[in-house]
2 protein chains.
Amino acid sequence: MRGMALSAFPTPDHDHDRCTADALAHAEALCEARAQRLTPIRRQVLAALLTSHRPLGAYEIIELTGQEGARPAPITIYRALDFLMENGLVHRIESRNAFIACIHNHSTADFVVFLICERCGAVGEVSSGAIGETLSNAARAAGFAPKAPVVEISGICAHCRGA
Amino acid sequence: MRGMALSAFPTPDHDHDRCTADALAHAEALCEARAQRLTPIRRQVLAALLTSHRPLGAYEIIELTGQEGARPAPITIYRALDFLMENGLVHRIESRNAFIACIHNHSTADFVVFLICERCGAVGEVSSGAIGETLSNAARAAGFAPKAPVVEISGICAHCRGA
DNA sequence: AAGTAATTGTTGCAATGCAACAAATCGCCC
DNA sequence: GGGCGATTTGTTGCATTGCAACAATTACTT
Ligand SMILES: [Zn+2]
Ligand SMILES: [Zn+2]
Ligand SMILES: [Zn+2]
Ligand SMILES: [Zn+2]
């Protein structure tokens with residue numbers, strides 16, 4: 001499968017409940033397998049991010065998680081996000097200073113392109129080993145030993161363009 | 001020349017005085033040609049960014065520009081940065097929330113890959129139409145109408161690896 | 001000189017992000 | 001079960017980012 005582009009821009013009519021449930025189940029299984037603790041807070045933060053396919057800022061997450069009275073401090077959210085990112089369950093969208101739940105079961109090292117719709121705010125992931133390799137080669141050609149390329153493309157998604 | 005990778009990771013031994021002078025001269029000429037005003041503040045901000053090839057945060061720029069007594073307010077810096085970015089004289093490094101002067105005379109629409117050295121902090125630009133096209137194609141394959149791709153690669157530069 | 005547009009100054013604030021330390025909780029071994 | 005180190009969470013506080021809104025100034029045009 002390596003090198004094949006795998007597109008996943010969430011369509012408005014997809015089964016999002018299932019989408020959410022799958023992602024949570026995957027997180028559960030992955031943490032179990034790695035002997036990592038998916039604590040209530042971490043799960044709440046992941047669940048908050050899973051409510052949409054838009055990247056959320058720290059304060060938005062605080063509002064979503066702190067529904068019943070006591071709202072968590074920012075640092076609490078950041079710590080949970082750190083954990084989730086280390087385990088590849090959440091991505092950071094650098095150009096937005098925001099975070100999004102990963103709904104793909106790709107490895108942490110996998111190269112990912114984020115497609116960010118300027119209209120509806122939805123973010124899709126396109127994973128392509130070929131692009132990653134091209135970028136790595138370009139970096140190496142400049143005498144550069146690359147780590148993780150960050151690729152974020154702004155634009156208009158198919159659904160928004162159709163409407 | 002389109003499609004050919006043009007590498008420009010600044011080497012430690014390059015003639016940086018000339019590098020700076022050229023960039024300022026280019027900025028001058030470009031603003032002249034476009035009937036844009038390269039005011040003292042804007043020039044100071046550009047000059048501050050040109051003192052190194054590392055991306056600088058807003059506060060660092062404030063410190064560098066406000067040497068003689070009165071230091072400009074953050075908003076002043078951001079406004080100057082907006083102007084400089086609109087004219088392609090400065091780039092924003094999204095993954096760092098920082099800004100860097102562009103030392104290439106590429107067009108605003110040109111696709112650019114930033115190489116960010118984790119050791120010395122220097123940032124180089126690699127411009128490649130081929131990569132840009134590949135990315136655009138991948139985006140379009142996902143039904144996405146792409147605007148400006150942001151590509152930032154962390155790693156270790158040749159000089160730091162040698163040392 | 002008057003009027004308009006562009007630029008800069010001033011004040012204020014929301015949001016990002018995390019350091020440092022205290023308290024609570026968990027996992028494990030005896 | 002009780003003790004203990006490791007992990008996680010709570011609390012406080014602050015540096016930084018980023019910009020809105022309005023006033024004052026400067027520059028360009030007629
Ligand atoms: Zn979904
Ligand atoms: Zn959209
Ligand atoms: Zn230089
Ligand atoms: Zn370096």
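Proteins get letters first, then strands, A, B, ... in listed order; numbering begins at 1 in each. Only heavy atoms go into these numbers, but all of them, side chains included; no hydrogens, no water, no symmetry mates. Just so you know, these numbers come straight off a predicted model, no measurement behind them.
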Self-check item: Whole-Å distance separating the CG atom of A:L56 from the P atom of C:dA15
Solution: 14 Å

Quiz item: Between the base of C:dG9 and the side chain of B:R79, is there any donor-acceptor pair under 3.5 Å?
Solution: yes

Quiz item: In whole Å, what is the span from the CZ atom of A:R96 to the P atom of D:dC19?
Solution: 13 Å

Quiz item: Rounded to the Å, how far apart are A:Q36 CD and D:dT8 C1'?
Solution: 12 Å

Quiz item: Is any side-chain N or O of A:N97 closer than 4.0 Å to OP1 or OP2 of C:dG17?
Solution: yes

Exercise. Grab the CD1-P distance between A:I41 and C:dA24 for me, whole Å please.
Key: 15 Å

Quiz item: Under 4.0 Å: is that the gap between some side-chain N or O of B:Y78 and OP1 or OP2 of D:dC19?
Solution: no

Quiz item: In terms of side-chain heavy atoms of B:R42, which of D:dT16, D:dT11, C:dT7 is nearest?
Solution: C:dT7

Quiz item: Taking atom P of C:dT7 as reference, at what distance in whole Å does atom CD1 of B:I77 sit?
Solution: 16 Å

Quiz item: Heavy atoms, side chains only, cut-off 4.5 Å: are A:E118 and A:I156 in contact?
Solution: yes

Exercise. Ignoring hydrogens and angles, tell me if any N or O in the side chain of B:E152 forms a donor-acceptor pair with the backbone of B:I93 under 3.5 Å.
Key: no

Exercise. Report the distance from atom CG of A:N87 to atom C1' of D:dT8, rounded to the nearest whole Å.
Key: 15 Å

Practice problem: Quickly work out the A:I62 CD1 to C:dA14 P distance and round it to whole Å. | Solution: 14 Å

Practice problem: Would you state whether a donor and an acceptor, one from the side chain of A:R37 and one from the base of C:dG27, lie under 3.5 Å apart? | Solution: no

Quiz prompt | Non-hydrogen atoms of A:M85 and A:H91 that approach each other most closely | solution = SD-C, 4.4 Å

Quiz item: Roughly how many Å is it from CD1 in B:I75 to P in C:dA14, rounded to a whole number?
Solution: 16 Å

Quiz item: Among the nucleotides D:dT12, D:dT9, D:dG18, which one has an atom lying closest to any side-chain atom of A:A73?
Solution: D:dT12

Practice problem: Evaluate the side-chain proximity of B:I61 to B:L49: yes if any heavy-atom separation is below 4.5 Å, no if none is. | Solution: yes

Quiz item: Looking for any heavy atom pair under 4.0 Å, which part of the strands does B:R92 touch: base, sugar-phosphate only, or nothing?
Solution: sugar-phosphate

Quiz prompt | Heavy-atom donor-acceptor pair, B:H16 side chain to B:L50 backbone, under 3.5 Å | solution = yes

Self-check item: Nearest-nucleotide comparison on DNA chain D, the residue closer to the 5′ end among B:P74 and A:T39
Solution: A:T39

Practice problem: Look at A:T76 and D:dG10 and indicate whether a side-chain polar atom (N or O) is within less than 4.0 Å of OP1 or OP2. | Solution: yes

